[in-house]
Amino acid sequence: MNKPKLDLRALPYGLRKLVEILGVDKTIALLTEHQGQMFYIPRKPTANHEAVKIFGIELVQALVDEYENKHYQMPMLHKVLQQIRNQEICYALDNKTCSIQQLVKRFKITRQQVSSIYSTYQEERANETQLNLL
């Protein structure tokens, strides 16, 4: 199994577009600085508009379709970090690179949380396999 990519379906809807266009690292940096803040998305963004200065023209143009002449609230960073953590846990357990106890120490969560994350992942994978067989 290759190192997993971020599963956009598990992210809040408003965060997916950011990750698609900017990638995970830039999205995390942007959210660290601006999470929870509101930005006006103009119909015709220009280089000197506040949202364009922060997000870049490509992202603002992508947001125009949905948020034209509306405010866009930046999602919170914890959703991205939680998904990355969960995928790292599943990757480690699938490849037997860490024990559950090592994951507990690394992520500062309980054994039950690690087991629950991995169990949910296995169920989703089993469901995807069944759907692919149909």
Side-chain angles (χ1 to χ4, degrees):
M1 178 179 167
N2 292 332
K3 186 99 170 147
K5 289 185 176 181
L6 191 64
D7 182 1
L8 297 179
R9 296 171 301 172
L11 294 175
Y13 180 76
L15 191 53
R16 294 176 195 163
K17 191 69 72 181
L18 272 71
V19 175
E20 284 175 9
I21 292 173
L22 301 176
V24 174
D25 292 337
K26 287 183 180 178
T27 299
I28 289 173
L30 188 66
L31 291 175
T32 299
E33 184 74 22
H34 301 288
Q35 63 183 327
Q37 294 179 31
M38 300 283 287
F39 295 93
Y40 178 74
I41 305 300
R43 174 178 289 144
K44 295 183 181 183
T46 60
N48 62 355
H49 191 275
E50 178 189 16
V52 173
K53 289 178 184 176
I54 292 170
F55 301 128
I57 192 72
E58 182 184 3
L59 179 58
V60 173
Q61 286 176 329
L63 293 172
V64 165
D65 290 339
E66 194 165 336
Y67 298 98
E68 178 184 324
N69 292 328
K70 296 180 185 171
H71 283 86
Y72 172 75
Q73 183 170 6
M74 288 291 291
M76 301 302 285
L77 178 60
H78 71 279
K79 294 290 187 185
V80 176
L81 298 178
Q82 186 178 50
Q83 189 193 20
I84 292 169
R85 177 205 67 194
N86 291 356
Q87 288 185 351
E88 287 182 11
I89 287 169
C90 295
Y91 178 80
L93 292 174
D94 271 353
N95 293 287
K96 299 175 178 32
T97 58
C98 289
S99 68
I100 290 178
Q101 189 58 36
Q102 289 170 318
L103 294 168
V104 165
K105 287 181 180 179
R106 178 177 171 194
F107 294 108
K108 297 177 180 28
I109 59 177
T110 66
R111 291 180 64 83
Q112 291 83 0
Q113 286 174 296
V114 171
S115 296
S116 176
I117 290 165
Y118 193 58
S119 176
T120 299
Y121 161 76
Q122 288 177 314
E123 288 173 17
E124 288 172 358
R125 200 164 66 177
N127 288 338
E128 284 180 14
T129 301
Q130 286 178 346
L131 287 175
N132 289 335
L133 294 174
L134 296 177

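Just so you know, these numbers come straight off a predicted model, no measurement behind them. In what follows, residues are counted from 1 in the order of the sequence shown.
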**Student:** Could you list the residues that satisfy side-chain hydrogen bond (donor to acceptor under 3.5 Å, both in side chains) with D25, not counting sequence neighbours?
**Tutor:** none
**Student:** What pairs with F39 under ring pair (Phe, Tyr, Trp, His ring centres under 6.0 Å), at least two apart in sequence or on another chain?
**Tutor:** H34, F55
**Student:** Looking at side-chain heavy atoms only, is the closest gap between I84 and Q87 below 4.5 Å?
**Tutor:** no
**Student:** What pairs with E66 under side-chain hydrogen bond (donor to acceptor under 3.5 Å, both in side chains), at least two apart in sequence or on another chain?
**Tutor:** Y13
**Student:** Output the distance between atom CZ (R85) and atom NE2 (H78), rounded to the nearest 0.5 Å.
**Tutor:** 10.5 Å
**Student:** Distance from I41 atom CD1 to H49 atom NE2, nearest 0.5 Å?
**Tutor:** 7.5 Å
**Student:** Taking L81 as the starting point, is it possible to reach L18 by hopping between hydrophobic residues whose side chains are less than 4.5 Å apart?
**Tutor:** yes
**Student:** Look up atom CD in E88 and atom CD in Q83, then write down how far apart they are to the nearest 0.5 Å.
**Tutor:** 11.0 Å
**Student:** How many angstroms lie between OG1 in T27 and CZ in R16, if you round to the nearest 0.5 Å?
**Tutor:** 13.5 Å
**Student:** When rounded to the nearest 0.5 angstrom, what is the spacing between CD in Q102 and OG1 in T97?
**Tutor:** 8.5 Å
**Student:** Report yes if the side chains of L93 and I117 come closer than 4.5 Å at any heavy-atom pair, otherwise no.
**Tutor:** no
**Student:** Is a side-chain donor or acceptor of Q35 paired with a backbone partner of P75 at a separation under 3.5 angstrom?
**Tutor:** no
**Student:** Using every non-hydrogen atom in the two residues, find where Q61 and P45 come nearest and quote the distance to one decimal.
**Tutor:** CG-CG, 4.1 Å
**Student:** Quick one: side-chain hydrogen bond (donor to acceptor under 3.5 Å, both in side chains) partners of D65, sequence neighbours excluded?
**Tutor:** none
**Student:** Quick one: pull up CD in E58 and NZ in K17 and give me the separation to the nearest 0.5 Å.
**Tutor:** 10.0 Å
**Student:** Taking all heavy atoms of R125 and all of D94, pick out the closest pair and write down the distance.
**Tutor:** NH1-OD2, 2.9 Å
**Student:** What pair of heavy atoms forms the shortest contact from S115 to I100, and how long is it?
**Tutor:** OG-CD1, 4.2 Å
**Student:** The criterion is side chain to side chain contact (heavy atoms under 4.5 Å, CB included); which residues satisfy it with S116, sequence neighbours excluded?
**Tutor:** T120
**Student:** Is the closest side-chain heavy-atom distance between I54 and L30 below 4.5 Å?
**Tutor:** yes
**Student:** Can you name the nearest heavy-atom pair linking P42 to V64, along with the distance?
**Tutor:** O-CG2, 3.4 Å
**Student:** Using side-chain hydrogen bond (donor to acceptor under 3.5 Å, both in side chains) as the criterion, list what pairs up with E68, not counting sequence neighbours.
**Tutor:** R43
**Student:** What's the shortest heavy-atom distance between T32 and I28, and which atoms?
**Tutor:** OG1-O, 2.7 Å
**Student:** Assess, by modelled atom type and distance only, whether the side chains of Y40 and N69 contain a donor and an acceptor separated by less than 3.5 Å.
**Tutor:** yes
**Student:** Under 4.5 Å between side-chain heavy atoms, hopping through other hydrophobics if needed: is there a path connecting Y67 to M76?
**Tutor:** no
**Student:** Can you name the nearest heavy-atom pair linking K53 to A47, along with the distance?
**Tutor:** CG-O, 3.8 Å
